[in-house]
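So the structure is just underneath, and the comments pick up after that.
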Amino acid sequence: MERRKFLKNSGLGGAALMGGAWAAACKEETEGRKVEAKTLSGPMVIATWDVPNATAKAYEVLHGLGTALDAVEKGVMVEEADVENQSVGKGGRPDRDGHVTLDACIMDKDSRCGAVVYLRDIVHAVSVARKVMEETPHVMLAGEGAKKFALEMGFPEEDLLTEKSRQEWLEWKKTSKYEPVINIENHDTIGMLAIDSNGDIAGACTTSGMAYKMAGRIGDSPIIGAGLFVDNEVGGATATGMGEEVVRTVGSFLIVELMRQGKSPQEACEEGVRRIIAKKENYRDIQIGFIAVNKAGETGAFCIHPGFSYRKYSTAGHENIPAASYIKS
Ligand code: SD4
């Protein structure tokens, strides 16, 4: 019986049987520094905010010995299709002109990456980003070009503005004040990081961006290094919140580099938030949340305001973990 079927039929947790490949991955050297193996006990996935359906889908892929790349794509697609999530994909809140525009990116273990920005009328922006990575010589496609490419690749065209988001937008237009409400109005952008049974890391990030943004505005989420960064030797990081501030500090790249220098994911996320606070006088007006994972499977998260959490699915279970915050209450 082939190994995949055997694992599925065995009734045993995949992680117990994957020890060989897993242990081998743990012994790799990273720039002369031995990677800690103490907490690495099987595949795992983390995602920004409390998104249990998305992490469950990703873990299902990982448990079936799928790649981290497939896991993060399939995982975030759950939120893109969920019309109740008004920060991602279909049902997302529109820009101030009433158009839902999507930003997404994906990055794999070989530092290959793809992104789409200002994509309209296509639900699964992350899958278009993956196609950009795999089928084109480019990293990022924008607007009309991104949509044309998506249609050529066979993605269906559909209106992403739901009646609920349309009604809220019409209500917003009465005052047209751009003051994003912390933890509410731009909640639930999904950034996801996974480690597969080979110990390889991939990440994805997808969003409809800040509600009622100016037409054409792009945030951090599709920008490799800002909203997402993965280095398979070290770990990965991803962000949610006011994207402009994450771009200014190249937040996710910074966090991965801090982990490369020896910081834990938790310490690195804290420093990522501190960097933003140091450059932003009105930091109390914004929310930023970072999550990170290192090669050993250790995770961390930090944010400016209380209220941010992340979902983690590993051999230890499936939990929602509230992130510590710079401002305590
Ligand atoms: C952006 N970072 O477009 C995104 C918004 C976000 O939860 O994270 N919302 O700036």
Side-chain angles (χ1 to χ4, degrees), residues 46-51 54 76 78-80 82 84-96 99-106 115-120 125-126 129 140 142-143 146 160 165 168 178-193 203-229 237-255 269 272-273 276 280 282-283 285-292 301-311 320 323 325:
I46 56 174
T48 53
W49 304 105
D50 188 13
V51 284
V76 303
V78 170
E79 296 302 314
E80 288 180 334
D82 182 358
E84 295 305 318
N85 183 335
Q86 292 179 280
S87 297
V88 180
K90 187 165 180 163
R93 293 190 178 88
D95 65 16
R96 58 189 58 181
H99 299 128
V100 181
T101 70
L102 305 183
D103 300 335
C105 71
I106 193 160
V116 286
V117 302
Y118 199 68
L119 177 67
R120 286 177 59 180
V126 72
M140 185 181 286
L160 304 181
S165 288
E168 286 182 12
Y178 184 67
E179 281 174 7
V181 184
I182 285 163
N183 288 338
I184 296 176
E185 212 155 79
N186 295 284
H187 187 290
D188 280 345
T189 285
I190 182 165
M192 181 178 276
L193 304 162
C205 190
T206 180
T207 188
S208 50
M210 302 303 280
Y212 319 129
K213 59 195 176 185
M214 288 174 69
R217 180 265 185 191
I218 309 296
D220 60 319
S221 303
I223 310 292
I224 296 294
L228 174 76
F229 195 71
T238 186
T240 180
M242 183 65 84
E244 281 74 2
E245 304 308 318
V246 180
V247 170
R248 290 210 299 156
T249 53
V250 200
S252 294
F253 180 74
L254 170 67
I255 288 169
C269 287
V273 168
I276 287 170
K280 175 91 182 160
N282 317 336
Y283 67 85
D285 297 344
I286 61 164
Q287 171 68 308
I288 303 282
F290 286 114
I291 62 171
F302 202 61
C303 53
I304 298 180
H305 290 272
F308 172 57
S309 66
Y310 70 108
R311 264 276 163 184
N320 182 46
S325 54

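Counting starts at 1 for both ligands and their atoms, following the listed order.
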Exercise. Atoms of ligand 1 less than 4.0 Å from Gly209 heavy atoms?
Worked result: 3 (O)
Problem set entry | Thr240 neighbourhood, listing ligand 1 atoms whose heavy-atom distance to it stays under 4.0 Å | 6 (C), 7 (O), 8 (O), 9 (N)
For this session: For atom 1 (C) of ligand 1, state which one of Val88, Asp220, Thr207, Ile190 supplies the nearest heavy atom.
Result: Asp220
For this session: Determine, considering heavy atoms only, which of Arg217, Glu245, Lys213, Glu244 sits nearest to atom 3 (O) of ligand 1.
Result: Arg217
Exercise. Is the shortest N/O to N/O distance between Gly243 and ligand 1 below 3.5 Å?
Worked result: yes
Exercise. For Asp103 and ligand 1, does the shortest N/O to N/O distance drop below 3.5 Å?
Worked result: no
Exercise. Is there a donor-acceptor pair closer than 3.5 Å between any side-chain N or O of Lys213 and the backbone N or O of Pro94?
Worked result: no
Exercise. Side-chain contact, heavy-atom cut-off 4.5 Å: Lys280 with Met242?
Worked result: no
For this session: Would you check if Ile291 and Phe308 make a side-chain contact, meaning some heavy-atom pair closer than 4.5 Å?
Result: yes
Exercise. Taking the non-hydrogen atoms of Ser221, is any one of them nearer than 4.0 angstrom to ligand 1?
Worked result: yes
Exercise. Does the distance from a Lys or Arg side-chain N to an Asp or Glu carboxylate O, for Glu244 and Arg217, drop under 4.0 Å?
Worked result: yes
Exercise. Can you name the ring pair (Phe, Tyr, Trp, His ring centres under 6.0 Å) partners of Tyr118, sequence neighbours left out?
Worked result: none
Seminar exercise, completed: Hits for side chain to side chain contact (heavy atoms under 4.5 Å, CB included) against Val78, two or more places apart or cross-chain, chain-then-number order -> Asn53, Ala54, Lys57
